[in-house]
Amino acid sequence: MKLDLPTEIDQVVLIFKDPSRRLVVRTVHEAANALIKEWPSDDGEEFLSAVKACLDVMIGKASSTELRSAILRAANEAGVAAVAVLH
């Protein structure tokens with residue numbers, strides 16, 4: 001099975017409680033990295049949905065739009081400010 005890590009999503013800027021700590025998410029790989037390594041909580045329902053959405057996009061079972069929406073919901077759940085950039 002080939003994983004599609006470079007799939008691009010419409011950019012999301014994540015701003016954590018420390019305002020100097022920001023992440024820009026533009027690809028599935030960056031989304032997965034943010035969720036696994038940077039997320040303040042790993043037990044929320046939306047967090048788990050976002051992780052699953054990453055995996056689903058990587059194997060072609062979900063769209064990048066679905067992943068972006070999942071990240072925004074997970075950010076809201078975790079109290080992470082998210083700025084959605086539309087193209």
Side-chain angles (χ1 to χ4, degrees):
M1 170 188 333
K2 181 180 179 240
L3 297 180
D4 191 2
L5 296 176
T7 298
E8 292 186 5
I9 64 172
D10 285 336
Q11 183 173 306
V12 175
V13 179
L14 301 169
I15 305 165
F16 295 88
K17 290 193 188 258
D18 174 359
S20 66
R21 191 166 155 240
R22 297 179 185 187
L23 286 177
V24 178
V25 176
R26 294 173 293 248
T27 65
V28 175
H29 182 263
E30 290 173 345
N33 189 54
L35 289 163
I36 300 303
K37 293 184 178 177
E38 304 292 338
W39 220 250
S41 172
D42 63 358
D43 63 352
E45 186 175 321
E46 297 298 346
F47 167 81
L48 295 173
S49 291
V51 171
K52 183 179 181 316
C54 282
L55 295 171
D56 287 347
V57 170
M58 287 179 196
I59 62 172
K61 288 188 173 184
S63 71
S64 59
T65 303
E66 291 170 297
L67 171 56
R68 185 172 186 265
S69 295
I71 291 169
L72 293 172
R73 289 191 310 272
N76 184 54
E77 174 184 71
V80 174
V83 178
V85 179
L86 299 175
H87 293 131

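On a predicted model such as this, the values are computed, not experimentally measured, just so you know.
In plain terms, the two heavy atoms of Ala31 and Cys54 that are nearest each other are CB-SG, 3.9 Å. Shown here for Ala32 and Met58, the closest heavy-atom pair between the two residues is CB-CE, 3.9 Å. Taking all atoms of both residues into account, the shortest heavy-atom contact from Thr27 to Ile9 is N-CG1, 4.2 Å. The minimum heavy-atom distance between Trp39 and Ile71, with the atom names listed, is CH2-O, 4.4 Å. Val28 and Leu67 get closest at one heavy-atom pair: CG2-CD2, 3.8 Å.
For the side chain to side chain donor-acceptor pair (under 3.5 Å) condition, the pairs that include at least one residue of residues 70-81, sequence neighbours left out, are Glu46-Arg73.
The closest side-chain heavy-atom distance from Arg26 to Gln11 is below 4.5 Å. Leu23 has its side chain out of reach of Asn33: every pair of non-hydrogen atoms, C-beta onward, lies at least 4.5 Å apart. The shortest distance between side-chain heavy atoms of Arg68 and Val12 falls below 4.5 Å. Here the side chains of Glu66 and Val57 are not in contact, with every heavy-atom distance at 4.5 Å or above. Inter-residue side-chain proximity for Phe47 and Ser41 is flagged as unmet; no heavy-atom pair is nearer than 4.5 Å.
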